[in-house]
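The structure appears below as structure tokens.
If you're wondering where the values come from, they're calculated on a predicted model, not measured in any experiment. Letters A, B, ... are given to chains in the order of the sequence lines, protein chains preceding strands, and every chain is numbered from 1.
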2 protein chains.
Amino acid sequence: MSKQELPIVDVGVQVAAEACCAPLVCEPLDEAEATELAPLFKAIADPVRLRLLSLIACHEGGEACVCDLTVAFDLTAPTISHHLKVLKQAGLIDSERRGTWVYYWINPSVLARMSALLSPASALAGTPA
Amino acid sequence: MSKQELPIVDVGVQVAAEACCAPLVCEPLDEAEATELAPLFKAIADPVRLRLLSLIACHEGGEACVCDLTVAFDLTAPTISHHLKVLKQAGLIDSERRGTWVYYWINPSVLARMSALLSPASALAGTPA
DNA sequence: TCTCTAATTTGACAGATATCTATGCACGAG
DNA sequence: CTCGTGCATAGATATCTGTCAAATTAGAGA
């Protein structure tokens, strides 16, 4: 109990980096990493963009036309376009124009990186390496 | 500096089952789910809060005192307090006062849920269908 | 060419957010 | 009880964000 009373000030705890993208729970994020990662989460920190991402990912062929996406919302086309731009600038999706339509698909590696960062504290509980 | 000892702690372990919510890529999110999930990502969509979460998760004992956290930033105490409140209201962390100090620890199950949602687009990445 | 449709860009505006200073509250020590 | 410290809240403000209407760009077809 007395142990918990003491303010063991030891913030500089740098637990030897080893893994390429260590989960949040394994090693403290430095300022640079946090600054780089936060915009990724900001990009999906919106209900519309979360659904857009999901709709694109689940769409047949792994890609979706803007017209497919727009009809799923009660929002105007410019607004959908804006959200797609945010997702694209974050690197979460990419797009290509084919004739009249523009198609979007997700970038799985970025999503995987984000997932890994949040991955279970379980790794900490029992992982050897 | 060569701290190798891992703080293998048991932080209120209650890892959510993986099957609780389908990944983004398996099934389109409906509006209600998106509205519920977006705030979780919004909570970590900030460099300061990402680092706070990481610092707390990595801290010895799985919990950290506010005083430990404040010194890691060039921000005032009220600002840190504000960010901790945002994280807590999102359900990502919890806290308790013990004597003079207030301690924060992360809620692994919420983090696990978020990770699972973004989890491997692998299904999608390899499906030419 | 001219016109129609798909999608983006621009400009504007209400609402949210990050930060600070000043203040208040809850402890523990005298 | 009084004082000092750790932390939270309140209020103020500058900036960012989501949305729409209007204008613009790009391609298809007559």
Approximate separation, where rounding is to 0.5 Å, of B:Ile106 CD1 and B:Cys58 SG: 8.5 Å
Distance, nearest 0.5 Å, that separates CG of A:Leu84 from CG of A:Leu53: 10.0 Å
Results of salt bridge (charged side-chain N to carboxylate O under 4.0 Å, His left out) for B:Glu36 - residues two or more places apart only: B:Arg113
Touch class at under 4.0 angstrom, heavy-atom based, for A:Tyr103 against every strand present: nothing
Side-chain donor or acceptor of A:Thr79 paired with backbone N/O of A:Leu75 under 3.5 Å: no
Residue-phosphate contact under 4.0 Å: A:Tyr104 side-chain N/O, C:dA6 OP1/OP2: no
Donor-acceptor pair, side chain of A:Gln89 and main chain of A:Val86, under 3.5 angstrom: no
Any donor-acceptor N/O pair, A:Arg49 side chain to A:Ile44 backbone, under 3.5 Å: no
Proximity to DNA chain D (any heavy atom under 4.0 Å), residues of residues 80-88 of chain A only: A:His82, A:His83
Matching residue for A:Ile56 among A:Asp68, A:Leu92, A:Ile93 - test: side-chain contact (heavy atoms from CB on, under 4.5 Å): A:Ile93
Interatomic spacing from CG in A:Asp94 to OH in A:Tyr104 - rounded to 0.5 Å: 9.0 Å
Under 3.5 Å donor-acceptor, B:Ser54 side chain and B:Leu50 backbone: no
Near-strand residues of residues 34-45 of chain A, defined as heavy-atom separation under 4.0 angstrom from DNA chain D: A:Lys42
All side chain to side chain donor-acceptor pair (under 3.5 Å) counterparts of A:Glu96, not counting sequence neighbours: A:Arg98
Rounded distance (Å) that lies between atom P of C:dA16 and atom CZ of B:Arg49: 15 Å
Which residue lies more 5' along DNA chain D, comparing A:Thr100 with B:Val102 via nearest heavy atoms: B:Val102
Those residues of residues 70-79 of chain A lying under 4.0 Å from DNA chain C by at least one heavy atom: A:Ala77, A:Pro78
Any donor-acceptor N/O pair, A:Ser81 side chain to A:Ala77 backbone, under 3.5 Å: no
5' to 3' contact window, DNA chain D with chain B (heavy-atom distance under 4.0 Å): D:dG6 to D:dT9
Nearest-0.5 Å distance, SG of residue B:Cys65 to CZ of residue B:Arg97: 10.0 Å
Sugar-phosphate, base or nothing in reach of A:Arg98, heavy atoms under 4.0 Å: nothing
Cation-pi check, A:Arg51 onto A:Phe73 ring (under 6.0 Å, within 45° of axis): yes
